[in-house]
2 protein chains.
Amino acid sequence: MNDETREAVMTATHRALCTHGFADLTTQRIADEWGKSKAALHYHYDTKEELLRTFLDHLLAKFESRLACESADPRVRLDTFVDAVFAPVEADDDSREFAVALLEIKAQAPYSETYRDRLAALDERMRETVAGAVRDGIEAGHFRHADPDDVARFVVTAINGAHVREVALDESPSEARRLIEGYLDDALGRDPATEVPA
Amino acid sequence: MNDETREAVMTATHRALCTHGFADLTTQRIADEWGKSKAALHYHYDTKEELLRTFLDHLLAKFESRLACESADPRVRLDTFVDAVFAPVEADDDSREFAVALLEIKAQAPYSETYRDRLAALDERMRETVAGAVRDGIEAGHFRHADPDDVARFVVTAINGAHVREVALDESPSEARRLIEGYLDDALGRDPATEVPA
DNA sequence: GCCACTTGACTGACTGGTTAGTAAGCACGC
DNA sequence: GCGTGCTTACTAACCAGTCAGTCAAGTGGC
């Protein structure tokens, strides 16, 4: 398949997903967004499931690339992580719709090993990012002593909670972000990083 | 409608929901669990939506009653709350399946004002329970000073997160419970309550 | 330069299956 | 005999996936 075609289908899937939600996402609607026929979609992807699997991989790869931060300062790495999680993707004006669709996917994870695996990989990546930064920050004397894995798990759990609340209660995530940052300050006794993020 | 009939339909809905999940919950499956025909359901409830609205009310009323705790000791009230949230309902051996279905409902909240309203009411109830206990605990000198609303919001957010993780990652909620209790100890400087929960 | 053929991308019409909701009629207690 | 509670049989809509065929862009032989 053409790279250009692939990208167009991924974009169409994303738009159809945001417009109609995961539960009402049909191959017809993806095809409509794409501007081609439903049969053309089945020409490139045998089943709807295969298409969605590809889409999810595409999505998580993009998100993981946003988590990457090479800074040597663990305080900067932690700040960048929180930014990456809470800031909407560039040029994506339906980040709210996307959050909705993502929660629908999370809710379907018990019925699909594919989804579960992808989400588990993403979760591990997030926890490792936080735990690594906390560990390095303690070692460097920036943070007070704490269990890095516990802090990471708690922070990511709170992020998961903020996600549900944004979707199910239509609550702005900014409140949750403030509380999570407050928790990090208390738990780690953070001194503010003076470096600018790389 | 008969009270007995109502209860039977609610139980059937609950079972069908746990067995098939929310996305695959059909009137036929509810009718099968009930032991009557699909048309009999439509005799009592005009639409599927009306039935589900009734079911959700039934469900949240039951959960709210579990949150009720009359103890005068705020430490006991807080413990009871955490117990109520994390302990599975009595005689409910598919609490995991129910958690799955509940997340599916949360994910559908953006598309249904009914669901959103019910979930918002439940959330407020939970936050008030925690905030009230924290406020009283501080006043009574059991807890160190902290913003009761902030603590409540953070705890409930973490509980929301634990819920997603249980469903999407198949993670036991016990780990999250430990972290939340640890947070409460740190944030409030809790001294253990010696009373037994009422 | 032209013809026969292949290949990749695609379309429109269709199939089989599933769904919420409806219609018409039946049993039974009062 | 009449309403309440129910059944069987149906409908209209919608869905994923299939299929036969179209079209354009090659490819090789001569």
Asks: Could you state the atom-to-atom distance from NE2 of A:His42 to P of D:dC19 in whole Å?
Replies: 12 Å
Asks: Output the rounded distance in Å from NZ (A:Lys48) to P (D:dG17).
Replies: 8 Å
Asks: For the ring pair B:Phe154 and A:Phe154, is the centre-to-centre distance below 6.0 Å?
Replies: yes
Asks: Rounded to the nearest angstrom, tell me the gap between atom CD in B:Glu50 and atom C1' in C:dG21.
Replies: 13 Å
Asks: Check each of B:Arg177, B:Arg66, B:Arg77 against B:Asp83 using the salt bridge (charged side-chain N to carboxylate O under 4.0 Å, His left out) test, and report the only one that passes.
Replies: B:Arg177
Asks: Considering residues, nucleotides and ligands other than A:Glu49, do more than 12 of their heavy atoms fall under 6.0 Å from its CD?
Replies: no
Asks: Look up atom CG in B:Leu122 and atom CG in A:Leu169, then write down how far apart they are to the nearest 0.5 Å.
Replies: 9.0 Å
Asks: Can you see whether A:Lys106 engages A:His163 through a side-chain donor-acceptor pair at a distance of less than 3.5 angstrom?
Replies: yes
Asks: Any chance you could measure A:Arg135, atom CZ, to A:Phe143, atom CZ, to the nearest 0.5 Å?
Replies: 12.5 Å
Asks: Grab the CZ-P distance between B:Arg6 and D:dT4 for me, whole Å please.
Replies: 20 Å
Asks: Once you round it to whole Å, what is the distance between C1' of C:dT19 and CD of B:Glu49?
Replies: 16 Å
Asks: In whole angstroms, how far is the C1' atom of C:dA20 from the CG atom of B:Leu52?
Replies: 12 Å
Asks: Polar pairs (N or O, both sides) under 3.5 Å between protein and nucleotides 26-28 of chain C?
Replies:
none

Asks: Test salt bridge (Lys or Arg N to Asp or Glu O under 4.0 Å) on A:Asp149 and A:Arg153 and set out the steps.
Replies: CA-CA 6 Å; A:Asp149 291 327; A:Arg153 187 177 289 272; over 6 Å; no
Asks: Find which nucleotide of DNA chain D each of A:Asp24 and A:Asp46 is nearest to by heavy atoms, and output the residue with the more 5' nucleotide.
Replies: A:Asp24
Asks: Nearest-Å distance, CG (A:Leu41) to C1' (D:dT18)?
Replies: 14 Å
Asks: Would you mind reading off the distance between A:Ile30 atom CD1 and D:dC15 atom C1', rounded to a whole angstrom?
Replies: 13 Å
Asks: Hey, what are the protein-to-nucleotides 8-12 of chain C N/O distances that come in under 3.5 Å?
Replies:
residue	atom	partner	partner atom	Å
C:dA9	OP2	A:Tyr43	OH	3.0
C:dC10	OP1	A:Lys36	NZ	2.6
C:dC10	OP2	A:His44	NE2	2.6
C:dT11	OP2	A:Ser37	N	2.6
C:dT11	OP2	A:Ser37	OG	2.6

Asks: Are A:Lys36 and A:Leu41 side-chain neighbours, meaning at least one heavy-atom pair lies under 4.5 Å?
Replies: no
Asks: Hydrophobic clusters join Ile, Leu, Val, Met, Phe, Trp and Tyr when side-chain heavy atoms are under 4.5 Å apart, directly or via other members; which others share one with A:Leu103?
Replies: A:Val100, A:Tyr111, A:Val164, A:Val167, B:Val100, B:Leu103, B:Tyr111, B:Val164, B:Val167
